[in-house]
Amino acid sequence: MAKHIVARVDEIPPGERKIVEIGGRTIGVFNVNGSFYALRNRCPHQGGPLCQGRVSGFLMATKPGGEYTYTRRGEILRCPWHGWEFDITTGQSWFDPAKTRVRAYEVHVEGLPMPEEMGKLLPGPYTAETYEVSVDDQQFVVVEVP
Amino acid sequence: MAVATAPSALLDRPSSIDVAVIDTDIHITFPSPDVLTNYLAPEWREHHRTFGMRGHQGSHYPRAMPNAARHDSWPAAGGPPGSNLGFVQEQLLDGWNIEYGILNPLVGVGEQRNLAYGAALARAVNEWQLHDWVEPEARLRASVVVPWEDGELAAAEIDHWGGHSAFVQALLIIRTKEPLGRRKYWKMYEAAERNNLPIGIHFGGAGGGPITGAGWPSHYIEDHGGMPQAFQAQVISLIYEGVFERFPGLQIVLIEGGFAWIPPMLWRMDAAWRKLGAETPYLKRPPSEVFREHFWVSTQPMEEPLQREYFRQLLDQLAMDDRLLFATDYPHWDFDAPDQAFPIALDPVRKRNFMAENARRLYGLP
Ligand code: FES
């Protein structure tokens, strides 16, 4: 694991991101409500620049004709190409849970904390690559890449 | 501790495509509204400013994304996606090493209700494509935008550009006022045949009728997911109306309509022809045969079957290895990446043909 300083803490305020290059990979570092997360800037679908996507939440509905709720504002990243949605905090995709491929991929995400409001959804088949992020002396954001 | 640097490339991976690529569907738009006004014939400028464009209900932007575009396709220099030649060169043509690209501007011109104004707009758009895009960039070719709801005006526009090597097809939108086999459109086909230009018909638009075969849906996802029904309606009309018996040289390119629906529809069309052919006695051959001689089909948005192997079966059932055309749809949000789009590894012959050689033949590119 090599550690890389990617930014000063105040460079990435909550809701913002910074995209950097580390060893030939581009990586997006996000500040979600004061916590930092890093994702590979490469979508598992067709390789789009995922980290340039729009940050949003989820509009949820348990059944047609029922109520809609908006949840997890600021924690969901939509790929700038085809709009696949990923959880910034875990890299988990949240659509298409019924696909057979899910099970194979689910293994990757076992043990990841599942936010409570996601309980009604099953994880999707894809995960975006994530990296460890830490804050050094409250001054620098540091990303660890394998 | 190392310090991370700013990214050096637009994507974090180089393209891994190892064959020539011709992109058969690129969308460009005006950097500012003045551009269109300046290319418009002087007698129409006042009308354009005072009354402006009027089409039909049912075709609205944004579609899922602002400008229906990839979020990363907005030029840093400003202006909407697809409006800046330098950025199109960098992000698309150089980024993916594209040998040729076909421009399909979807700028609402062909469906103008004021037909004469629509014809003037079409001329302006065609001039703009030529001078601002094809002349400065040798990899690009243009589509003749036409006011298709008037066969004669459309034919005149095709005749105007037919001899010009910058233009490789005429361009329509899939939702028209009437099914395209109807006689009101025949003058346009005659001109296309005369000028040896295929007619490309692109996803989208609105012709005034409900946008599905069963009325108005609630959501854009129904519009997008259900688009093949418009393509089916047009293929059915063009074939059963006998357009290809009348214009045997005419070639049609279906752009962005998918292709998995084609084999079963042709089975059904053949079966109907065997039973009901007496109603259309000029149709001497099975519809499937006519289709495979007169239609070309673009691949974007790629069919993504439940199991990848179904895709190989689909190609076999389609039996159009010589007529599938790769397209990216840049800068739209449902863009297909040249090296990742196909769900299976293609054999080298199919790969070369789909990615470039079929398009080279169709459009007569060097
Ligand atoms: S490449 Fe990201 S959704 Fe397709």
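In what follows, every chain begins at residue 1, and chains take the letters A, B, ... in the order their sequences are listed. Keep in mind the model is a prediction, meaning the values are calculated, not measured.
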Exercise. Run the side chain to side chain contact (heavy atoms under 4.5 Å, CB included) check on B:Lys351 and B:Asp18 step by step: do they pass?
Worked result: CA-CA 10 Å; B:Lys351 191 171 184 182; B:Asp18 53 2; 3.0 Å; yes

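- Counting non-hydrogen atoms of other residues, nucleotides and ligands closer than 6.0 Å to OH of A:Tyr70 gives a total above 12.
- Using modelled atom types, no side-chain atom of B:Glu99 and backbone atom of B:Ala20 make a donor-acceptor pair closer than 3.5 Å.
- With a 4.5 angstrom heavy-atom cutoff, B:Asp339 does not touch chain A via any of its atoms.
- The CD1 atom of B:Ile26 sits 9.0 Å away from the CH2 atom of B:Trp133 when rounded to the nearest 0.5 Å.
- Interface with chain B: from residues 13-21 of chain A, residues A:Ile19, A:Val20, A:Glu21 qualify, criterion being any non-hydrogen pair under 4.5 Å.
- Looking at A:Arg73, its side chain never comes within 3.5 Å of a backbone N or O of A:Gly57 through a donor-acceptor pair.
- Proximity to chain A (any heavy atom under 4.5 Å) is restricted, for B:Ala6, to the backbone atoms N, CA, C and O.
- Residue contact with chain B, scored on non-hydrogen atoms closer than 4.5 Å, involves the side chain of A:Val142 exclusively.
- Ranking A:Arg54, A:Arg40, A:Arg78, A:His45 against chain B, the residue ahead of the rest is A:Arg54, based on heavy-atom pairs under 4.5 Å.
- Residues satisfying the side chain to side chain contact (heavy atoms under 4.5 Å, CB included) criterion with B:Asn97, sequence neighbours excluded, are absent altogether.
- The local environment of CD1 in B:Ile221 is sparse, with at most 12 non-hydrogen atoms from other residues, nucleotides or ligands closer than 6.0 Å.
- For the pair A:Asn41 (side chain) and A:Leu50 (backbone), a donor-acceptor distance under 3.5 Å is present.
- For the set A:Gln46, A:Gln52, A:His4, the entry with the most heavy-atom pairs within less than 4.5 Å of chain B is A:Gln46.
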